[in-house]
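Convention: sequence-line order gives letters A, B, ...; per-chain numbering from 1. No hydrogens, no waters, no symmetry mates; every other heavy atom, side chains included, goes into these values.
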Amino acid sequence: MSTLLIEQILNGLQYGAMLFLLASGLTLIFGIMGVINLTHGSFYMVGAFCAAYAATATGSFAAAVLAALVGAGLYGLVMELVVIRRLYARDHLDQVLATFGMILFTNELVSVVFGRTPPFMDIPSFLTGTVALLPGLSYPVVRLAFILVGAVVAVGLWLLITRTRIGMLIRAGADDRAMVDALGVDIRRLFSLVFALGAVLCGLAGVMTAPLLAVEIGMGERILITTFVVIVVGGVGSVRGAAVGALIVGMIDSLGRAYIPITLYELLPPEIASTLAAGLVSASIYVAMAAILLVRPRGLLPARG
Amino acid sequence: MRTRITAFTLGLTAATALSGVLLAAPADAADPLRIGFITTLSTPAGYIGEDERDGFKLAITQEDGKLGGVPVELVVEDDALKPANAKQIAERMTGEGIRLFTGVNFSNVISAVAPTVLKTGAFYVSLNPGPSVFAGGGCSPNYFVASYQNDNFHEAGGLAANELGYKKVVILAPNYQAGRDALEGFKRTYKGQVVSEIYTKLDQTDFSVELARIRSAAPDAIYQFHPGGAGINFAKQYANSGLAKEIPMVLPVFSMDARMMAATGDAAEGYYIASNWSAGLDNPANKDFVAAFEKTYGRKPTIYAAQAYDTAKLIASGLDKVDGDIEKQDAFRAALKAADFTSVRGSFAFGQNQHPILDWYLMRVERGADGQLAQTVVRKVATAMQDAYAAECKM
């Protein structure tokens with residue numbers, strides 16, 4: 001029983017790490033630029049497709065990483081210059097409509113470029129297999145690597161935001177965009193940069209999930225809502241908030257999916273237990289979000305005081 | 001003024017003549033019989049509809065645009081996996097006078113299309129889903145299923161698990177109608193003990209939690225039904241977690257069709273599959289079909305393509321006997337029911353509910369002589385199996 005618990009905690013950390021990669025970019029874009037960007041999940045899909053395509057073509061994992069980061073980053077940058085840039089001054093409904101349209105556009109584009117057959121990517125040989133962490137508990141190496149990358153990115157972003165000039169401008173931009181603009185900083189270029197950074201982080205999540213999960217059209221939409229839950233729980237615009245939110249949501253999801261059904265199956269017949277458990281598991285992160293928002297309406301660690 | 005009137009009259013005459021030609025066209029004897037083909041071509045499941053369309057078209061191409069000597073035209077439309085879309089398309093097509101339909105891939109879509117088509121007195125021949133609602137009390141004279149009855153697949157899965165000697169299993173499926181039916185079908189024939197019945201979410205992609213639960217239950221084997229992307233994920237994660245080495249997996253072919261096998265890579269090797277067809281199934285009709293499909297499209301056919309090809313051949317046998325006049329309904333119905341064609345699946349016959357009676361096989365994913373993964377037949381697990389609902393059909 002205890003190994004199941006430890007395994008689920010690791011699963012929660014791993015899921016949290018992936019959510020963090022997606023949420024950190026989304027929260028910066030939302031917090032600083034005030035843009036509700038539904039296309040964020042599409043960058044993740046673009047990254048995964050680029051990675052799988054490059055891995056198949058070259059057989060090299062390094063090439064896959066490069067393709068995912070460059071592909072997602074470039075696509076994000078182009079999207080910012082062509083579409084998003086025109087939305088800063090518009091209201092949120094326009095932003096939602098336009099970026100939702102871009103989801104449909106991106107899905108079509110990806111299926112035109114890469115075809116409808118989902119490309120396949122092998123787990124690179126140095127990440128295959130499992131390691132024995134404890135007697136009776138072995139855990140896949142690739143999932144451990146996932147947790148590690150999430151941690152490294154979290155530290156890296158923290159350093160970027162607290163220790164560099166760009167980070168200072170990002171923080172200032174999140175607090176008062178007009179003031180930063182008035183001080184003579186090219187806020188448009190800063191926005192483009194942040195947007196591309198967010199897309200690159202999505203690409204990183206894409207290259208990591210490509211070998212583990214199926215690469216398919218529409219994979220971004222599924223994760224997007226959970227990502228929004230993460231940034232709302234953590235506090236919009238705050239990278240620390242995104243990290244905390246990602247961990248909380250990851251843990252609730254993993255532990256809930258393991259223990260809610262096990263508990264209910266002992267009490268009820270399988271048909272009823274399964275339906276009830278599925279409902280409770282799906283609802284759990286939203287219930288947690290509602291509870292947190294009751295106590296802290298702006299999230300746990302909001303960016304603006 | 002006069003010239004204007006002349007011009008007007010001339011134009012009118014020309015228009016009348018033209019529309020006369022257009023109106024005359026449908027009465028032409030050489031006009032092909034139109035077949036409505038509503039299937040899923042977009043969404044991640046789009047490859048399934050492509051294979052079905054291509055398998056069906058192959059049979060038409062082989063006869064130079066005819067089926068059973070009757071010129072046909074395939075009218076293909078995408079339902080985007082939405083029953084409401086499909087129903088609308090079906091209504092439009094019946095309005096345009098189409099009297100013969102096939103193509104739908106999903107059980108929830110066929111539940112919308114089949115009644116719409118049948119109430120106009122047209123024919124529907126299914127090339128994939130065979131939901132239980134239309135197999136028993138809800139059977140219908142103009143409704144044929146050329147593929148299989150849904151439950152049969154998982155009953156064959158249960159038989160396969162028996163044959164392999166597994167005493168306790170964990171079974172998994174997504175929590176929706178077809179998933180619950182799948183596990184019911186499996187339990188109907190499986191003789192051992194089901195230690196845990198796990199329902200996943202329909203759109204789930206990460207199965208780490210379920211894998212941990214399987215590990216702690218330590219069964220002899222697992223049986224899982226996850227079609228499409230979820231099935232690829234499951235197989236890959238199962239292999240990578242090390243469980244594949246300890247606990248064998250039995251699955252219906254939808255959880256591991258030829259395209260998914262290509263996408264899953266080495267992870268699929270060694271898995272057991274219950275199916276009524278594979279590319280390697282040893283009969284002359286199948287060898288010809290596989291060779292022709294690969295030559296025409298440059299890829300391996302899936303079971304979906306094979307079933308679509310069989311459906312086209314069945315329709316051809318029916319059209320042949322009535323010379324393409326499907327308004328002779330009784331004769332056409334009897335001709336279809338005779339199933340006078342050579343199936344790529346070997347034996348084929350209709351039960352009284354117009355669902356097929358087929359042989360079922362246990363297969364194993366192995367590397368063939370060409371180094372490619374293939375589904376190799378281990379043994380037959382059921383001969384001429386009929387579905388559990390046939391007796392309820394009064395026809």
Salt bridge A:R143-B:D206, side-chain N to carboxylate O under 4.0 Å = yes
task = Using a cut-off of 6.0 Å, state whether more than 12 heavy atoms not belonging to A:L148 lie near its atom CG.
result = yes
key: chain B interface, residue from A:T128, A:L212, A:I223 that has the most non-hydrogen pairs under 4.5 Å   = A:L212
request  = State the CD-CZ distance between B:Q204 and A:R257, to the nearest 0.5 angstrom.
outcome  = 4.5 Å
key: B:K236 and A:L213, any side-chain heavy atoms less than 4.5 Å apart   = no
Side chain, backbone, both or neither of B:F234 within contact of chain A (heavy atoms, under 4.5 Å) = neither
request  = Answer whether the closest heavy-atom distance between the side chains of A:P261 and B:R213 falls below 4.5 Å.
outcome  = yes
request  = Could you tell me whether A:F228 atom CZ has more than 12 heavy atoms of other residues or ligands within 6.0 Å of it?
outcome  = yes
query = Any side-chain heavy-atom pair from B:R215 and A:S138 closer than 4.5 angstrom?
reply = yes
note = Heavy atoms of B:A212 and A:L4 approach each other most closely as CB-CD1, 3.5 Å
query = Above 12 or not: heavy atoms from other molecules or residues under 6.0 Å from CZ of A:F100?
reply = no
query = Which heavy atom in B:N240 sits nearest to a heavy atom in A:G129, and how many Å separate them?
reply = OD1-N, 3.5 Å
Test item: A:M219 and B:T205 side chains (from C-beta on) under 4.5 Å apart, heavy atoms = no
ask   = Distance-only, no hydrogens or angles: does the A:Y265 side chain make a donor-acceptor pair with backbone N or O of B:S196 under 3.5 Å?
value = no
ask   = Can you name the nearest heavy-atom pair linking B:S241 to A:P140, along with the distance?
value = CA-CG, 4.0 Å
request  = Give a yes or no on this: more than 12 heavy atoms of other residues, nucleotides or ligands lie within 6.0 Å of atom CD of B:Q88.
outcome  = no
